[in-house]
Novice: 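So that we are looking at the same thing, I have put the structure below in structure tokens.
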Amino acid sequence: MSNEAVPKGEALLVKQAREKYIATYGRQPTVAACAPGRVNLIGEHIDYCEGFVLPMAIPFLTVVVGGYNNTDECRLLSVLGTGEELQTKFPSTKKSPLKPEQPGWSNYVKGVVANFPDVVDGFDAVIVSDVPMGAGLSSSASIEVAIFTFLEGLTGVTVGLVEKAKLCQKAEHEFPGMPCGIMDQYIVTMGKREHALLIDCRSLEAEQVPLETDDVALLVINSNVKHQLTGSEYPQRRAQCQEAADKLGLPSLRGAKRDDIEVLKRLGCDELVIKRAQHVIEEISRTEEVGKILGKKDFKRTGELFYQSHDSLSKLMEVSCPELDQLVNILRGATGVYGARMTGGGFGGCAIALVQKSEVGNLKNLILSQYKNPTFFVCQPTDGARLIKV
Ligand code: ADP
Ligand code: MG
């Protein structure tokens, strides 16, 4: 098995989807849309503290092709990267309101159809995606926003990008039942080639930050581990951060300053709560700094902040794992690496490294010589969801 996943590209995915559509439904599709995956550069475990995140869209895509079928039913076929095919059908919203039900994956589609700001007549669609599922690269927002964009093309009803992202987030909350933040749907909707997106999770304002990748590349390394924890870690971190904010008399840790760590200590706050608060306060400041310097191509300082972010997530937030620590440690100090860190919620999933493009091959070999089964994705920041030629 190859250790590198290479994006198939829009043209190939559309061709595959169109051929499958014709073979399945016996006619040509009339509408096509696509949406990318994403990776977060910095700003981890601070979205729920009203901090900042800095994701970029990556060139792995979910493509949807389809058309009206003149029935009261929506029928969908999803072709996975493994070649496996999933099918589902449900009534058009003209017929009856939708509710979450099995199979689980269909809720990512149904939630979007249910939240679309217009009645949706019966349609047929084929989905083809090369965004790895469940790897932390947001295949979920990718399929949601791809379906929403497809529905815009189908119905002719469109909404603004912010509204679109919010409706897709609402869909994920209500149907699969995932209480996700706004980052994934924002970046998948608003991503821009050669840019990352600095999102203020308090005001929900977003700013495009130039990320020119002539000489640098973002190497995403999937650790291919996902530690099964009790599931209480994430809500526990949230609660600890809120406890710190409450002690300081603030609505969230967004308003806290470095000096407030000393205040928490004086207040006799729990040691773990203080560690979590320190991570949040410092990570917010790191993310703001990267947002300012990335456009100036200050990759050296950005890399330092990546390492600091990782160490803080590992030691203060305690959401890393031995495999992610090992991947970051292999890269620490290696030729051509500006910085590396875990990305996503933690306990497995992916690490990222900002590296010199010319060293990508050497760095992959270095990791392969020390880490048992990584998967690499070399990513450039890419465009968000859009209608495409069918
Ligand atoms: P991530 O978003 O990090 O990939 P999630 O657990 O949030 O992981 O979402 C993964 C789930 O989204 C899958 O288990 C599946 O139910 C659904 N999904 C994503 N992409 C597709 C697709 N192309 N076809 C069918 N289901 C998909
Ligand atoms: Mg997801």
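Just so you know, ligand 1 is whichever comes first in the structure, and atom 1 is the first atom listed for that ligand. In this chain, numbering begins with 1 at the start of the sequence shown. All figures in this text were calculated on a predicted structure; none of them were measured in a lab.
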Novice: In the protein, which heavy atom is nearest to atom 8 (O) of ligand 1, and how far is it?
Specialist: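 That would be G134 CA, 3.4 Å.
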Novice: Using a strict cut-off of 4.0 Å, indicate which atoms of ligand 1 neighbour a heavy atom of L137.
Specialist: 3 (O)
Novice: Measure across P117 and V159 and return the closest heavy-atom pair with its distance rounded to 0.1 Å.
Specialist: CG-CG1, 3.6 Å
Novice: Would you please say whether a donor-acceptor pair under 3.5 Å links the side chains of S252 and E50?
Specialist: yes
Novice: For atom 24 (N) of ligand 1, which protein heavy atom lies nearest, and how many Å away is it?
Specialist: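 Looking at atom 24 (N) of ligand 1, the protein heavy atom closest to it is S78 OG, 2.7 Å.
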Novice: May I ask you to identify the nearest protein heavy atom to atom 6 (O) of ligand 1, giving residue, atom name and distance to one decimal place in Å?
Specialist: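 So the nearest neighbour among protein heavy atoms is Y108 OH, 4.4 Å.
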Novice: Measure from the Mg ion (ligand 2) to each N, O or S atom of S140 and report whether any distance is below 2.8 Å.
Specialist: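 True for S140.
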Novice: With atoms numbered from 1 as shown, which atoms in ligand 1 lie under 4.0 angstrom from a non-hydrogen atom of G136?
Specialist: 3 (O)
Novice: Can you confirm, on distance only, whether ligand 1 has an N/O atom lying under 3.5 Å from any N/O atom belonging to L80?
Specialist: no
Novice: S129 heavy atoms, cut-off 4.0 Å: which ligand 1 atoms fall inside?
Specialist: 23 (N)
Novice: Given side chains that start at C-beta, do those of Y48 and R237 come closer than 4.5 Å, heavy atoms only?
Specialist: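 Contact flag for Y48/R237 side chains = yes.
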Novice: On a heavy-atom basis, I'd like to know which of M178, E85, M133, E84 is closest to atom 27 (C) of ligand 1.
Specialist: M133
Novice: What protein heavy atom sits nearest atom 25 (C) of ligand 1, and how far off is it?
Specialist: W105 CE3, 3.3 Å
Novice: S138 near ligand 1, heavy-atom distance under 4.0 Å?
Specialist: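 A heavy atom of S138 does come that close to ligand 1.
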Novice: What are the two closest heavy atoms between Q380 and P59, and how far apart are they?
Specialist: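 The pair with the smallest heavy-atom distance is O-CD, 3.4 Å.
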Novice: Decide whether R27 and Y21 meet the rule of one side-chain donor and one side-chain acceptor closer than 3.5 Å.
Specialist: yes
Novice: For atom 19 (C) of ligand 1, what's the nearest protein heavy-atom neighbour? Residue, atom name and distance, please.
Specialist: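 Protein heavy atom with the smallest distance to atom 19 (C) of ligand 1: S139 OG, 3.2 Å.
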Novice: Over 60° means perpendicular and under 30° means parallel, so classify the ring planes of F377 and F60, tilted if in between.
Specialist: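 Perpendicular, since the angle between the ring planes exceeds 60°.
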Novice: Under 3.5 Å, N or O to N or O, is T62 touching ligand 1 that way?
Specialist: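 Between T62 and ligand 1, no N or O pair is found under 3.5 Å apart.
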Novice: Any chance you could lay out the side chain to side chain donor-acceptor pair (under 3.5 Å) test for S309 and R341, step after step, and finish with the verdict?
Specialist: CA-CA 7 Å; S309 169; R341 58 182 288 274; 3.0 Å; yes
Novice: Distance to 0.1 Å, residue and atom name: give those for the protein heavy atom nearest to atom 7 (O) of ligand 1.
Specialist: S140 OG, 3.1 Å
Novice: Picking from F150, F116, Y25, what satisfies ring-ring contact (aromatic ring centres under 6.0 Å, His included) with F123?
Specialist: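 Exactly one candidate clears the test, F150.
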Novice: Do you know the tightest heavy-atom contact between D214 and E194?
Specialist: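 Result for this residue pair: OD1-OE1, 4.2 Å.
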